[in-house]
Amino acid sequence: MMTPKMRAELDEEVTQSARQLFLSNRIGEICKEEGTPKQAEFLLYVLQEELRLREQNKRQRLIKRAGFPVYKTFEGYSYQNVKLPPAFSQEELETCRFVGEKTNLVLYGPVGIGKTHLDTAAGIKACELGYKTKFYTVTQLVLKLAEARKNGTLERLVRELQSLDLLILDEWGYVPVDKEGSQLLFRVISDSYESKSLILTTNLEFSKWGSIFTDDQMAAAMIDRLVHHGHLLLFEGRSYRMEHALMRQTAAAS
């Protein structure tokens, strides 16, 4: 049997769920004044199902808009090639706590050993938690920024980037960037400072960034902003892709 206290709690849940759906407060009032306990329970079920569906659709939209090249998760990911810093745990990574804290991650190591898998998995998880996320290779972003400047839409693109919770920049330093591209990237990094999280993957040590971004001083300023609120994750080992290629060659030869 439902007690008055239980009924009051039920009516309050109906009112709160209706409010989350931006429905009139009158729904809760009608339920309280005229609805039976069974009707109130059913109405609450309907409202909560709609909330659940909207949240699911929101996560799917965030993942689609993020622009991930492939869908990757943390499930089954091997950390054997990853060295996490003492102040940063696997749990903090996989729960995306760092995004809420506006902390940056720099994933450094040779190609083919899981950096992009890890940054994508983190991005997917961030989307599932409701964080606005975007994935770019650095080359893609530089071209997009340059095109926006040419078309007079740079400020709109910058505002879109500023609205993100997490920006993932893959293949940082893989291809040299010209002076204009370096300046545009520096603006993105500066705008992100203490306002969002960045994840960068790179195979280039910090001391060589100046040669890629045409300006040692600008590169140093980028590094300063990234590491001030950030963690360096070191990747070591043999390339997964190379190992799999060798395995295929061995299998074909046998």
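Just so it is clear, the model here is predicted, and its values are computed rather than measured. Residue numbers count from 1 along this sequence.
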Check ion pair Arg187-Glu155 (N to O, under 4.0 angstrom): yes
CD (Gln217) with more than 12 external heavy atoms under 6.0 Å: no
Heavy-atom donor-acceptor pair, Ser197 side chain to Thr103 backbone, under 3.5 Å: yes
Donor + acceptor pair across side chains of Glu205, Ser207 (<3.5 Å): yes
Salt bridge present between Glu49 and Arg52 (N-O < 4.0 angstrom): yes
Atom CZ of Arg156 with >12 non-hydrogen neighbours under 6.0 angstrom: no
Gln16-Glu12 side chain donor-acceptor pair, cut-off 3.5 Å: yes
Electrostatic pair Glu147-Lys150, nearest N-O below 4.0 angstrom: no
Ring geometry between His117 and Tyr77 (parallel below 30°, tilted from 30 to 60°, perpendicular above 60°): perpendicular
Heavy-atom side-chain proximity of Leu118 to Phe74 below 4.5 angstrom: yes
Heavy-atom check, side chain of Trp172 versus side chain of Leu185, under 4.5 Å: yes
Whichever hydrophobic residues join Tyr193 through chains of side-chain contacts under 4.5 Å: none
Donor-acceptor pair, side chain of Asn104 and main chain of Leu198, under 3.5 angstrom: yes
Lys/Arg-Asp/Glu bridge criterion (N-O < 4.0 Å) met for Glu160, Lys134: no
Heavy-atom side-chain contact between His229 and Glu194 under 4.5 Å: yes
Non-hydrogen side-chain atoms of Lys196 and Leu167 separated by less than 4.5 Å: yes
NZ/NE/NH1/NH2 to OD/OE distance under 4.0 Å, Lys115 and Asp119: no
Side chain to side chain, Lys132 and Leu62, heavy atoms closer than 4.5 Å: yes
ILVMFWY clustering at 4.5 Å (side-chain atoms), partners of Val14: Met2, Met6, Leu10, Leu21, Leu23, Ile27, Leu43, Leu44, Leu47, Leu51
Any side-chain heavy-atom pair of Tyr136 and Leu145 under 4.5 Å: no
